[in-house]
Student: 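Quick one: the structure is below, and I'll ask about it shortly.
Hydrogens, waters and symmetry mates are skipped; everything else that's a heavy atom, side chains included, is used.
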Amino acid sequence: MSTLPTEAERLLESEPVMAHLGTCVEGRPHVAPVWYRYADGTVEIVTTGRKLANIRRNPRVSLSIQKDDAGRTRWMVSLLGTAAVIEDEAETTAARRRINEKYGAGPDAYADNTLVRIDVGSATYRTY
């Protein structure tokens with residue numbers, strides 16, 4: 001069961017906006033844009049490179065998602081959670097297709113990426 005307020009869940013599920021994933025290793029933060037999918041208290045991303053390496057070393061992450069309209073913020077959601085790298089190829093393929101569909105990419109785009117699931121621990125949100 002999700003710990004997010006219903007309105008925050010609705011915002012996260014509403015549109016294909018970018019999220020910014022924050023990871024931290026050895027006291028040095030790293031923030032990078034990612035596509036995501038939210039459902040039932042869990043965020044799915046598929047990623048590679050430094051983001052994935054950082055998650056393997058420290059699973060505590062943050063996500064910042066914001067919707068803008070002509071330079072004006074409409075809403076924002078900030079999440080703190082714990083990430084788990086999923087090594088199962090079938091689960092990764094299914095998640096990648098769900099995320100790619102949300103953002104209008106082909107189902108097999110980013111085939112080299114690895115699935116990461118983030119269990120949301122806490123959230124803040126605001127609408128403007």
Student: Please determine, by modelled atom types, if D68 and T73 share a side-chain donor-acceptor pair under 3.5 angstrom.
Tutor: yes
Student: Any idea which heavy atoms bring N58 and C24 closest together, and the distance?
Tutor: ND2-O, 2.8 Å
Student: Let's go through L63 and V61 carefully: what are the C-alpha distance in whole Å and the side-chain angles of both, what is the deciding distance for side-chain contact (heavy atoms from CB on, under 4.5 Å) to 0.1 Å, and is it a yes or a no?
Tutor: CA-CA 7 Å; L63 279 168; V61 299; 5.7 Å; no
Student: Under a 4.0 Å threshold between the charged nitrogen and the carboxylate oxygen, would E7 count as salt-bridged to R10?
Tutor: yes
Student: When hydrophobic residues are tied together by side-chain contacts of less than 4.5 Å, even through go-betweens, does V43 share a cluster with L80?
Tutor: no
Student: Nearest heavy-atom pair of I65 and M18: which atoms, and what distance?
Tutor: CG2-O, 3.9 Å
Student: For the residue pair Y103 and W35, categorise the inter-ring angle as parallel (less than 30°), tilted (30 to 60°) or perpendicular (more than 60°).
Tutor: parallel
Student: For side-chain contact (heavy atoms from CB on, under 4.5 Å), just list the numbers for T127 and L11, CA-CA rounded to whole Å, side-chain angles, deciding distance to a tenth of an Å, and then say yes or no.
Tutor: CA-CA 9 Å; T127 57; L11 294 171; 3.9 Å; yes
Student: Ignoring hydrogens, what is the shortest heavy-atom contact between L115 and A95? Give both atom names and the distance.
Tutor: CD1-CB, 3.5 Å
Student: For the residue pair I86 and T114, what are the closest heavy atoms and their distance?
Tutor: O-CG2, 3.8 Å
Student: If you count every heavy atom of other residues, nucleotides or ligands that lies below 6.0 Å from R60 atom CZ, does the total exceed 12?
Tutor: no
Student: Above 12 or not: heavy atoms from other molecules or residues under 6.0 Å from CG of D112?
Tutor: no
Student: Return the minimal non-hydrogen interatomic distance between G22 and V31, and the atom names on each side.
Tutor: CA-CG2, 4.2 Å
Student: Donor-acceptor check, side chain of N100 to backbone of A109, threshold 3.5 angstrom: yes or no?
Tutor: yes
Student: May I ask whether M76 and I118 are part of the same hydrophobic cluster, defined by side-chain heavy atoms of I, L, V, M, F, W, Y residues being less than 4.5 angstrom apart, directly or through others?
Tutor: no
Student: Short question: side chain of K51, backbone of T23 - any donor-acceptor pair under 3.5 Å?
Tutor: no
Student: If the test is side-chain contact (heavy atoms from CB on, under 4.5 Å), which one of Q66, E15, R126 qualifies with W75?
Tutor: E15
Student: Centre of Y128's six-membered ring, under 6.0 Å away, within 45 degrees of the axis: is that where NZ or CZ of K67 sits?
Tutor: no
Student: When you check the gap from the basic side-chain N to the acidic O, do R37 and E101 get nearer than 4.0 Å?
Tutor: no
Student: Minimum heavy-atom separation for L4 and Y38, please, with both atom names.
Tutor: CD1-OH, 3.0 Å
